[in-house]
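Here's the structure we're looking at; comments come further down.
Predicted model, so just to flag it, every value in this text is computed and none were measured.
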Amino acid sequence: SGAELAGTVELTFTAYDEGGISRLNIYRNGFSPPDWSIPASQDTLYTVSWDTREVDDDVYILEARAWDETGNIGISPSLVVRIKNNPDPPPEDHTPPVVVWRSPEPGSEVEGTVELRFDALDDDAVDSVKVYINGPSSIVFNIHGHPEVGYSLLWATVNFEDGTYYIDVRAWDPGGNIGLSDPISLTVQNNRPRVTWVPDDFGTIQDAINASQDGDTVRVRPGIYREGLRLMGKNIWLESERGPEITRINARGWNDGISIADREDYTRTTVRGFTIYSEYQGIRIYEFSGVTIYNCIFINILGVNEFNGVWFAGGRGYIYNCVFDRCYDGIVGGYSVGEFKSSIFIRCYATGYFHFARWENWITYGWNLFWDNERDYSPIDIPHFGDVFADPLFIEDSYVLSNNSPAIDAGDPEIYDLDGSRSDIGVHGGPYAYITN
């Protein structure tokens, strides 16, 4: 950085990705639009010729960016150069000011209103100072004169989207000499994921969901919550604090215990650690919506005729280490994408897993346990790889497996329990299980 250039120069850089480079851009003093767009090739070394006489003498910041086929982006460090094709007669004072950055620490995360501190020093005087964010096209602060002690400026980051920004400071003296800081990066992070508690922060689970943002966690303390929930397409974690056997969603009076809908980009909500029962569907996944479900119990406590554990058609469902007890159908799926593994289906009145439109059903499954169901699969009853057909041998009045249960160490062999062993089938297995006393 800091090189002085004149005439025609070559900009050389390397870009490599094991899957191939799709496009490359070089930017000069800002990121839109690119100054050079380079076709991708088999080479890893790229060269661009730049006739610096086409631009004014000034300081420029160069940056290269490369994209792979899947849209991932690689970014080069910023390169600061000075173009000097038309040198002026040297001023009497040819010593530039010195700019020293003080805080925040380069590379740190910031939020809210941030104090930017730096010094701009000159043996004569500082005439003006400019602070740029992401290149000289954006002057954030323009200051004339020199304070008695350093510079302290307030940056309202709430006016900027979350992301990484490059800040550089330039100082001029009366003779026209310019002093530059090294560009520093600061990451604005105002929309931090947060954890909200029910009932501590919100009296109902739905109120906590309504107040949440993508990335948040809604954590629920033990108890029975009499409400039907609507997730509204939010990409959040909804989980109990201590597990499904002491945290229940009783949706009597609602068709569904939890509805996953309202967002057409397959955003995955995660639901973990509840016993769920309602008058129709435990969890309903609407078209273009998605959910991942861990360690939940779906049980027909209300005694309705057609309570289904999880129902999805056209959506995406990923279900692991759950129990479906006395449901009409444990899982109903069709025209859908997803998988379910390491779950237990017992005493279902119709079917453990009912897959309609099976020729257009992109769901994978295996390593599940079936016992005492009217049918295990429908419309065809074909075991899948790793399935177990035996009494799970629960410890009385619980869903905890006894020591001789056939579900122990019988789950997907690529998934592990908290103790590092192969995962158990059922609600107390898998990496998201709750520790039992």
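Counting heavy-atom neighbours within 6.0 Å of N403 CG, excluding the residue itself, gives a total of 12 or less. Crowding of R28 atom CZ: a count of heavy atoms from other residues, nucleotides or ligands under 6.0 Å exceeding 12. Under a cut-off of 6.0 angstrom, the local environment of OH in Y60 is crowded, with over 12 non-hydrogen atoms contributed by other residues, nucleotides or ligands.
Aromatic pair F370/Y377: ring centres closer than 6.0 Å. Taking the six-membered ring wherever Trp is involved, the centroid distance between the rings of Y151 and F141 does not fall below 6.0 Å. Here the two rings, on W371 and F394, have centers that are 6.0 Å apart or farther.
In this structure the side chain of W155 reaches within 4.5 angstrom of the side chain of I133, judged on heavy atoms. A 4.5 Å side-chain heavy-atom check between I331 and F345 finds at least one atom pair inside the cut-off.
A ring-ring contact (aromatic ring centres under 6.0 Å, His included) with F340 holds for exactly one of F324, Y365, Y318, Y320; it is Y365.
The aromatic rings of Y165 and F160 stand perpendicular to each other, their planes meeting at an angle above 60°, with 30° marking the opposite boundary. Note: F13 and Y46 have parallel aromatic rings, judged against thresholds of 30 and 60 degrees for the angle between ring planes.
Distance CZ/R221 to CD/E241: 4.5 Å, rounded to 0.5 Å.
Under the 6.0 Å distance and 45° angle rule, R272 counts as a cation-pi partner of Y434.
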